[in-house]
**Q** 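Let me give you the structure first, and then I'll get to my questions.
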Amino acid sequence: MAMHLFRFFRRARKGQGVSTRWEPGPCPLTSVKGGRRWREDIPYALPKDLQENDRLHYQHYVFKTLLGGNYHAPLERVGNILDVGCGPGYWMLEIAQQFPQARISGLDTEFALPPGPVASNCRFVQGNILHGLPFAEQSFDYTHQRLLVAALPSQAWPWEIKELLRVTRLGGWVELIEAGDGFAATGPQTERFLSWTRAALRMRGIDAGIIANIGRWLEEAGAREVVFRTLSYPLGSWAGHEGVLWGKDVFAGFLAIKGLLNAQLGVPLHELEAVLAQIPQEWDRYRTCNSIYVAYGKK
Ligand SMILES: C[S@@+](CC[C@H](N)C(=O)[O-])C[C@H]1O[C@@H](n2cnc3c(N)ncnc32)[C@H](O)[C@@H]1O
């Protein structure tokens, strides 16, 4: 057991950085578009800066509230947990409290620890998912991945889910939480914004419309006892507290991707802003909804 843990940490450290605090700065792999910082070395379509970390912080609590908790797989004995694409690490820090005996690893392109004391059972590992996960087979009891819809090109998904299973131990669980293009009852301005977003994502090889396949991909990768759920939630104040929460989150995502639509497609900022200004009222008028997908399975 001790040898296994030693191998696990040694492998994870090899060639990877370890940091305590992330400060976004200029680097050859980033650009600034519309005042926001973006990675240029990966297909990821959302900004990577402190403003985005704040959105992810809010989003973490929205997902926890709507889904009724931080995990759904029937976890029992968990020693090692991995969070793939962990972002600022809010999920990790809460899971570290829920499972104080566990060691939680978070992988992302850049470290982004929130301010304040960091749980001593958490660590960040720098890496690029598209290069494969830098962990030995069967390293984790539970592998979690949330909201990589704007990060992984369509063709990478089935392979990447096999990677999640590879690093999970026999009898351990893999869980995926996603949201994407599951809109229902949309009006014309929402459709306009979505068609720009789809075009910009397509240029990066990403298709958010296929994200509802996560359950099937888990099964095809060899997971057993797969559970897949599509949960449709209202967007906007027409549906009370839940609608306000989810509506603000999805709208903040629209604002975050705005700079890309301007830089990549050349849609003028004033046009984007005019469309965005009409979207919240439109959601109330059409009673628009958007889906969240939950999938988990046992290795
Ligand atoms: C939308 S955020 C979700 C963060 C976190 N999972 C959550 O739910 O709060 C997506 C994260 O994936 C990371 N990411 C995108 N492409 C990546 C890649 N190729 N390798 C590693 N991380 C990546 C981004 O840096 C970002 O932190």
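Start at 1 and go down the list; that is how both ligands and their atoms are numbered. All heavy atoms count here, side chains included; hydrogens, waters and symmetry mates do not.
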**Q** Testing Leu56, Asp83, Leu147 one by one against Trp91 for a side chain to side chain contact (heavy atoms under 4.5 Å, CB included), which residue passes?
**A**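 Going through Leu56, Asp83, Leu147 one by one, the side chain to side chain contact (heavy atoms under 4.5 Å, CB included) with Trp91 is satisfied by Asp83 alone.
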
**Q** Would you say the ring centers of Phe193 and Trp283 fall short of 6.0 Å from each other?
**A**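 Phe193 vs Trp283: aromatic centres not under 6.0 Å.
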
**Q** Side chain to side chain contact (heavy atoms under 4.5 Å, CB included) for Glu52 and Arg36? Distances and angles first, verdict last.
**A** CA-CA 9 Å; Glu52 176 67 358; Arg36 306 294 305 270; 3.7 Å; yes

**Q** Under a 4.0 Å N-O cut-off, is there an ion pair linking Glu160 with Arg166?
**A**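 Looking at Arg166 together with Glu160, the answer is no, because their closest N to O distance does not fall below 4.0 Å.
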
**Q** Side chains of Tyr71 and Glu94 only: does a donor on one sit below 3.5 Å from an acceptor on the other?
**A**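 Judged by distance alone, the side chains do not pair up.
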
**Q** Does ligand 1 have any N/O atom under 3.5 Å from a protein N/O, and what are those pairs and their distances?
**A**
{"from": "ligand 1", "atom 1": "6 (N)", "to": "Gly85", "atom 2": "O", "distance (Å)": "2.7"}
{"from": "ligand 1", "atom 1": "6 (N)", "to": "Arg146", "atom 2": "O", "distance (Å)": "2.8"}
{"from": "ligand 1", "atom 1": "8 (O)", "to": "Arg146", "atom 2": "NE", "distance (Å)": "2.7"}
{"from": "ligand 1", "atom 1": "8 (O)", "to": "Arg146", "atom 2": "NH2", "distance (Å)": "3.3"}
{"from": "ligand 1", "atom 1": "9 (O)", "to": "Arg146", "atom 2": "NH2", "distance (Å)": "3.4"}
{"from": "ligand 1", "atom 1": "19 (N)", "to": "Asn128", "atom 2": "OD1", "distance (Å)": "2.8"}
{"from": "ligand 1", "atom 1": "20 (N)", "to": "Ile129", "atom 2": "N", "distance (Å)": "2.9"}
{"from": "ligand 1", "atom 1": "25 (O)", "to": "Lys48", "atom 2": "NZ", "distance (Å)": "2.8"}
{"from": "ligand 1", "atom 1": "25 (O)", "to": "Asp108", "atom 2": "OD1", "distance (Å)": "2.6"}
{"from": "ligand 1", "atom 1": "27 (O)", "to": "Lys48", "atom 2": "NZ", "distance (Å)": "3.0"}
{"from": "ligand 1", "atom 1": "27 (O)", "to": "Asp108", "atom 2": "OD2", "distance (Å)": "2.7"}

**Q** When the ring centroid of His57 is compared with that of Tyr90, is the distance short of 6.0 Å?
**A**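 Yes, the ring of His57 comes within the 6.0 Å limit of the ring of Tyr90, centre to centre.
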
